[in-house]
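Structure, as structure tokens:
Atoms within each ligand, like the ligands themselves, are counted from 1 in listed order. All values below come from the heavy atoms of this structure, side chains included, with hydrogens, waters and symmetry mates left out.
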Amino acid sequence: MKVILIACLLLASTMAWKSFAPGEGPFSHLSEDEFAARYLMPLENDALQTPPTFNANEFKSIFGTHGFSWRTHDTMSHCVGKIRNQGKCGSCWAHAIAEFLSDRYCIQSQGALNTTFAPQFMVDCAGLDYEAEGCDGAETQTMLSWVEKYGLVNETCYPYFSGDTQDKGTCHDTTCTDGSPSINHGVEDGSVKLFFNYTNVDLAHELMNNGPLYFSMVVFGDFKEYHGGVYHPIDYTMKGTHAIKCVGWGYDEPSASFYWECANSWTEEWGEDGFFRIGFNDFIGYKAGSARMGTSKVPHLFSS
Ligand SMILES: *[C@@H]1O[C@H](CO)[C@@H](O)[C@H](O)[C@H]1NC(C)=O
Ligand SMILES: *[C@@H]1O[C@H](CO)[C@@H](O)[C@H](O)[C@H]1NC(C)=O
Ligand SMILES: *[C@@H]1O[C@H](CO)[C@@H](O)[C@H](O)[C@H]1NC(C)=O
């Protein structure tokens with residue numbers, strides 16, 4: 001850790017990423033504690049896994065340095081959903097899962113199924129048996145199993161509101177918010193994959209072959225101020241964990257570092273139009289997961 005820290009401080013001095021000016025940016029009106037309480041999930045010990053082993057030369061010899069992004073991937077770029085706003089609710093986990101599965105559903109169908117899945121369905125309907133606590137966060141990995149079992153409904157059917165109410169609502173699993181019958185889309189049986197002890201090579205293969213990935217990451221002190229460039233933290237204070245979707249990877253010449261390109265759910269005002277790029281070695285303590293959406297409908301498995 002010490003070695004990484006020193007290397008990153010050196011990089012930061014030669015190639016600074018952009019941050020919001022003091023008093024600007026979407027979170028400038030919040031104290032550190034308010035920000036953590038509203039937007040992050042608690043830091044748990046099991047989040048602090050060793051970062052994946054990374055051998056830059058090996059990575060380079062397999063993939064080169066030209067990078068890859070679903071946002072610019074010829075006929076599939078429209079599959080990458082719009083940047084969302086989780087609002088004043090720690091529902092990043094539901095956003096990350098809904099977003100990466102919406103994009104994959106589209107990519108799997110060669111761009112034909114342009115559906116936006118609903119985070120609110122998970123916020124309202126998943127409970128403590130799956131370690132989900134609405135606006136107070138959830139265990140992202142168990143939630144993939146929940147989705148495997150219960151499926152997802154679309155955003156038109158179940159629009160998001162917890163960002164305003166700051167709390168979960170009452171689950172309705174067989175009907176949409178307007179009372180019409182809902183359609184649940186299931187995850188393909190056995191397709192849920194969790195990455196333990198993975199390498200960045202494994203993750204890059206999975207991302208390029210099957211679509212965006214979801215990650216949970218440790219959030220450092222200055223992450224909320226990020227406004228562009230390849231992020232290498234300068235303030236290494238750990239503030240909490242956060243779930244996001246990653247859509248690509250690339251290589252930054254000035255800092256000679258590989259990075260992930262990811263979508264946040266903090267509006268387009270934050271970061272690079274809502275996206276961010278983060279050095280492989282600065283993306284620590286995270287877990288990753290993937291799944292494939294099934295194209296068939298799933299039965300309603302529980303009643304409201
Ligand atoms: C996909 O859906 C989004 C959001 O509804 C819309 O903005 C976009 O134009 C759609 N793309 C296609 C190719 O239908
Ligand atoms: C969303 O789901 C509802 C039923 O749950 C369906 O009637 C509607 O066509 C779907 N909309 C989109 C855009 O897929
Ligand atoms: C990951 O690797 C560590 C150390 O080699 C080992 O103790 C642990 O059991 C592994 N975890 C999984 C889920 O494979």
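- Of the charged side-chain nitrogens involved, at least one lies within less than 4.0 Å of a carboxylate oxygen, so that Glu261 and Arg71 count as a salt-bridged pair.
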Show me the donor-acceptor pairs within less than 3.5 Å that the side chains of residues 203-210 make with the rest of the protein, sequence neighbours left out.
from: Glu206; atom 1: OE1; to: Lys193; atom 2: NZ; distance (Å): 2.9
from: Glu206; atom 1: OE1; to: Asn210; atom 2: ND2; distance (Å): 3.3
from: Glu206; atom 1: OE2; to: Arg104; atom 2: NH1; distance (Å): 3.4
from: Glu206; atom 1: OE2; to: Arg104; atom 2: NH2; distance (Å): 3.0
from: Glu206; atom 1: OE2; to: Asn210; atom 2: ND2; distance (Å): 3.2
from: Glu206; atom 1: OE2; to: Ser290; atom 2: OG; distance (Å): 3.2
from: Asn209; atom 1: ND2; to: His205; atom 2: O; distance (Å): 3.2

List the atom pairs, donor and acceptor, that lie under 3.5 Å between side-chain atoms in residues 121-132 and the rest of the protein, sequence neighbours left out.
from: Asp124; atom 1: OD1; to: Gln120; atom 2: NE2; distance (Å): 2.8
from: Asp124; atom 1: OD1; to: Gly169; atom 2: N; distance (Å): 2.7
from: Asp124; atom 1: OD2; to: Tyr158; atom 2: OH; distance (Å): 2.7

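- A salt bridge is absent between Glu268 and Lys82: the closest approach of a Lys/Arg side-chain nitrogen to an acidic carboxylate oxygen does not fall below 4.0 angstrom.
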List of N/O pairs, ligand 2 versus protein, all under 3.5 Å?
from: ligand 2; atom 1: 2 (O); to: Asn154; atom 2: OD1; distance (Å): 3.3
from: ligand 2; atom 1: 2 (O); to: Asn154; atom 2: ND2; distance (Å): 2.4
from: ligand 2; atom 1: 5 (O); to: Ile183; atom 2: N; distance (Å): 3.1
from: ligand 2; atom 1: 11 (N); to: Asn154; atom 2: ND2; distance (Å): 2.9
from: ligand 2; atom 1: 14 (O); to: Asn154; atom 2: ND2; distance (Å): 3.2

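- Partner of Tyr231 under the ring-ring contact (aromatic ring centres under 6.0 Å, His included) criterion, out of Phe223, Trp270, Phe280, Phe220: Phe223 alone.
- Legend: residues meeting ring-ring contact (aromatic ring centres under 6.0 Å, His included) with Phe161, ordered by chain and number and at least two apart, are absent.
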